[in-house]
Undergrad: 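I have a structure here, written as structure tokens, and I will follow up with some questions on it.
Just so we're clear, the structure is a prediction, and the values are computed from it rather than from any experiment. Quick note on labels: first sequence line is chain A, next is B, and so on, each numbered from 1.
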Protein chains: 2
Amino acid sequence: MPDGTQKKPSRIQKRNRRKILDAALDVFSQNGYRGATLDQIAAEAGLSKPNILYYFQGKEDIHVTLLSQLMETWLDPLVELDPDGDPQTEILDYVQRKLDMARDLPRESRLFAGEILQGAPRMAPNLETALKPLFDEKCAVISSWIDAGKIAPLDPQHLIFSIWAATQHYADFAAQVSVLVGADTDSHHRASVHLSTMFGKMLRP
Amino acid sequence: MPDGTQKKPSRIQKRNRRKILDAALDVFSQNGYRGATLDQIAAEAGLSKPNILYYFQGKEDIHVTLLSQLMETWLDPLVELDPDGDPQTEILDYVQRKLDMARDLPRESRLFAGEILQGAPRMAPNLETALKPLFDEKCAVISSWIDAGKIAPLDPQHLIFSIWAATQHYADFAAQVSVLVGADTDSHHRASVHLSTMFGKMLRP
DNA sequence: TCGTGGATTTACCAAATGGTAAAAATTCAT
DNA sequence: ATGAATTTTTACCATTTGGTAAATCCACGA
């Protein structure tokens, strides 16, 4: 029994759990939690459904595992916001990292968005324990930069919301963006320039 | 048979169709298309499931009806962006209208977001025919304002994306926002001030 | 008031779906 | 090689879910 609080996972266990989680990321991010089926995940992973249930306790277990693994990756750019760096550079670099993530990890962005959109039924605890402390900490950093006159006086909380919204939009609303920008050769670059300009002007004291 | 291309709907038909659509908006926006069940919608509407299917051809019919009705409301603020008004005022008013909509119509915002998030499977045609022409038209308006030196030179397409993202964030990610801002007495007002400041600075030539 | 057409309920169904038991196959240390 | 442990498959099951047929109810105009 690979589930539960057991010892070291075998090589084959690691491989299959990874295959399942990758397939599940595809399926969950495309169809949402309830829209995804174990059969789809199984087919995508190249395994049988009972075989999947040999590695995970159930559908919800897969989803929760995916979400908690994701949280780490997701918060990483914010963790790297350095209180001792140059405020403007730090924030603009943060915007850039988030935009890159929207391009490179769109499935993860959509999985996260879908979960929040439905009221975070399986992630609320994680938000409180992992996200909120980090959020508060970085808001304090931004406040100190404002107090020191290094950047314009903006509401730190809502500034961060604006950064999240503007960057994740390109992953979460990709279907809409692609219809509206048409066959753009380098949409990512234009978005990058726009966000730099926008937040750059905004931050100047 | 009330469905199909029939004559004038009776008063009772209007009432029940409205009840169903309102219930469906609740259920679809909370659980997504596949997560929503006809039984839930029926219960919420206070009708039996077969009775619902007397008024609509099926689950998808309800969803599509909801989406196409929504499109009108959704585009309205953008329609009102006046090419002959003061550019700064026009755009800031647009931001305000969108933010008000996120507060007043969160269900609609989430329904829309969920549909786009999953690749707009039931709305792609609508996006092409209804949204894209309006989007292109208003991008041209913004371009003309930039050419006239009335506002800062920003990419019109991405400026609109930023406005959509920043405002809709408060409806679509409400679960996250409420965890992070805690018991704020007037979160909407703070968001409003922030967005005015932000886009105000950004637009100044 | 009575009949007719629209509205509603009752009783279903077939397919999909999450999940399980147990047999079969495979891996692996000895 | 061989027996034990792990992994995978086969054959199911109970529930949920979108949908239907037909009987029943009810509003309303003549």
Undergrad: Tell me: CD of Gln40(B) to C1' of dT15(D), nearest whole Å?
TA: 15 Å
Undergrad: Would you indicate what Ala36(A) reaches in the nucleic acid, counting non-hydrogen atoms under 4.0 angstrom: base, sugar-phosphate, or nothing?
TA: sugar-phosphate
Undergrad: Would you kindly give the CG-to-P distance between Asn31(A) and dT17(C), to the nearest whole Å?
TA: 10 Å
Undergrad: Among dT9(C), dA11(D), dG6(C), which nucleotide has an atom closest to any side-chain atom of Pro50(B)?
TA: dT9(C)
Undergrad: If I take atom CD1 in residue Ile62(B) and atom C1' in nucleotide dG18(D), what distance separates them, rounded to the nearest angstrom?
TA: 11 Å
Undergrad: Report yes if at least one side-chain N or O of Asn51(B) is closer than 4.0 Å to OP1 or OP2 of dT9(C); otherwise report no.
TA: yes
Undergrad: Nearest 0.5 Å please: distance from the CE atom of Met71(A) over to the CG atom of Leu75(A).
TA: 5.5 Å
Undergrad: Asp39(A) has a side chain; which of dT6(D), dA7(C), dT17(C) sits nearest to it?
TA: dT17(C)
Undergrad: What contact category does Thr37(A) fall into here, base, sugar-phosphate, or nothing, at under 4.0 angstrom with non-hydrogen atoms?
TA: sugar-phosphate
Undergrad: If I take atom CD1 in residue Ile41(A) and atom C1' in nucleotide dT17(C), what distance separates them, rounded to the nearest angstrom?
TA: 12 Å
Undergrad: To the nearest 0.5 angstrom, please state how far the CD atom of Gln30(A) sits from the CD atom of Gln40(A).
TA: 8.0 Å
Undergrad: So, is the end of the Arg122(A) side chain (NZ or CZ) under 6.0 Å from the ring centre of Tyr33(A) and within 45° of the ring's axis?
TA: yes
Undergrad: Select base, sugar-phosphate, or nothing to describe what Arg34(B) touches, counting heavy atoms under 4.0 Å on all strands.
TA: sugar-phosphate
Undergrad: Could you check if a side-chain atom of Phe161(B) sits within less than 4.5 angstrom of a side-chain atom of Asp155(B), using non-hydrogen atoms only?
TA: no
Undergrad: Counting only side-chain nitrogens and oxygens, does Tyr54(B) get under 4.0 Å of the OP1 or OP2 atom of dT8(C)?
TA: no
Undergrad: Rounding to an integer number of Å, can you tell me how far Lys19(B) NZ sits from dA7(C) P?
TA: 13 Å
Undergrad: A side-chain contact here means heavy atoms from C-beta on lying under 4.5 Å apart; do Glu108(B) and Ser29(B) qualify?
TA: no
Undergrad: Kindly point out which of dA7(C), dT9(C), dG18(C) is positioned nearest to the side chain of Ser48(B)?
TA: dT9(C)
Undergrad: Can you find a donor-acceptor pair, distance only, under 3.5 Å between Lys49(B) side chain and dG18(D) base?
TA: yes
Undergrad: Which nucleotide, dT20(D), dG18(C), dA7(C), lies nearest any side-chain atom of Leu53(B)?
TA: dT20(D)
Undergrad: What is the distance from CG of Asn16(A) to C1' of dT9(D), rounded to the nearest Å?
TA: 14 Å
Undergrad: Atom CG of Leu47(B) to atom C1' of dC25(D): distance rounded to whole Å?
TA: 15 Å
Undergrad: CG of Leu38(A) versus P of dT20(C): gap in Å, rounded?
TA: 11 Å
Undergrad: When you check the phosphate oxygens OP1 and OP2 of dG6(C), does a side-chain N or O of Gln13(B) lie under 4.0 Å from one of them?
TA: no
Undergrad: What's the closest nucleotide to the side chain of Tyr55(A) if the choices are dT8(D), dT8(C), dG18(D)?
TA: dT8(D)
Undergrad: In terms of the nearest nucleotide of DNA chain D, which residue is placed more toward the 5' end: Arg15(A) or Gly58(B)?
TA: Arg15(A)
Undergrad: Checking side-chain contact (heavy atoms from CB on, under 4.5 Å) against Ile91(A), which of Asp86(A), Ile160(A), Ile163(A) comes through?
TA: Ile163(A)
